[in-house]
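Comments concern the structure below.
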Amino acid sequence: MRLKVTVSVHPGVSLAKKQAFNFSDLSTLSRDQEVCALTWGDQQETEVLVGCVNGAVKTFSTEKGKFIETRQCGDASQGRFTGLAVYDGYGTRSVLGLYS
């Protein structure tokens with residue numbers, strides 16, 4: 001049985017050099033910013049939503065190669081994100097966090 005593997009290349013990842021880059025300033029990172037959930041922010045795959053332990057959701061632009069927004073969608077007392085979803089309805093875009 002053969003599996004077809006699709007590789008998606010994103011800014012910050014070099015498959016040829018086997019390298020990944022951190023787009024955050026390492027001196028400002030703390031344990032509560034640990035990533036616990038990821039999902040695409042849009043159908044065009046130009047945004048990645050990054051769910052952090054502290055309940056923040058950061059939006060990373062694949063076109064700009066940087067984080068463009070941070071929103072608070074919960075707090076650590078609610079548990080860790082186990083998933084993220086985007087809901088576009090009635091002209092409003094909402095980010096939903098699923099908790100463990």
Side-chain angles (χ1 to χ4, degrees):
M1 170 185 251
R2 289 188 164 210
L3 298 175
K4 181 178 179 185
V5 177
T6 303
V7 177
S8 175
V9 179
H10 302 284
V13 176
S14 171
L15 297 178
K17 296 180 182 179
K18 297 183 182 178
Q19 293 178 331
F21 305 94
N22 197 327
F23 285 98
S24 298
D25 180 5
L26 296 178
S27 66
T28 64
L29 291 179
S30 61
R31 291 270 183 207
D32 66 342
Q33 295 177 35
E34 177 185 336
V35 174
C36 54
L38 292 169
T39 192
W40 290 112
D42 59 5
Q43 290 184 356
Q44 297 78 23
E45 298 182 354
T46 63
E47 294 178 347
V48 178
L49 300 180
V50 180
C52 302
V53 171
N54 64 3
V57 176
K58 299 178 182 181
T59 304
F60 182 83
S61 169
T62 60
E63 294 174 328
K64 296 178 181 177
K66 64 180 183 177
F67 288 98
I68 57 171
E69 182 181 18
T70 300
R71 60 181 90 181
Q72 201 62 37
C73 294
D75 61 56
S77 68
Q78 294 174 291
R80 291 175 170 236
F81 289 119
T82 56
L84 296 170
V86 177
Y87 173 73
D88 288 313
Y90 305 106
T92 304
R93 179 178 173 203
S94 301
V95 176
L96 309 171
L98 307 171
Y99 296 93
S100 58

CD (E47) and NZ (K58) are apart, to the nearest 0.5 Å, by 15.5 Å

Apply the side chain to side chain contact (heavy atoms under 4.5 Å, CB included) test between W40 and each candidate in T62, V86, L49, T46; give the one that qualifies. T62

For Q44, look at atom CD and say whether over 12 heavy atoms of other residues, nucleotides or ligands are found less than 6.0 Å away. yes

Checking L38 now: which residues fulfil side chain to side chain contact (heavy atoms under 4.5 Å, CB included) with it, not counting sequence neighbours? V35, V48, V50

Contact summary for V53 and C36, nearest pair of heavy atoms: N-SG, 3.9 Å

Check side chain to side chain contact (heavy atoms under 4.5 Å, CB included) between N54 and all other residues, then give those that pass, not counting sequence neighbours. D32, Q33, C52, A56

Identify the two heavy atoms, one from F81 and one from G55, that lie closest to each other, and give their separation to 0.1 Å. CZ-O, 3.6 Å

I need the minimum non-hydrogen distance between I68 and S61, along with the two atoms involved. CG2-CB, 3.8 Å

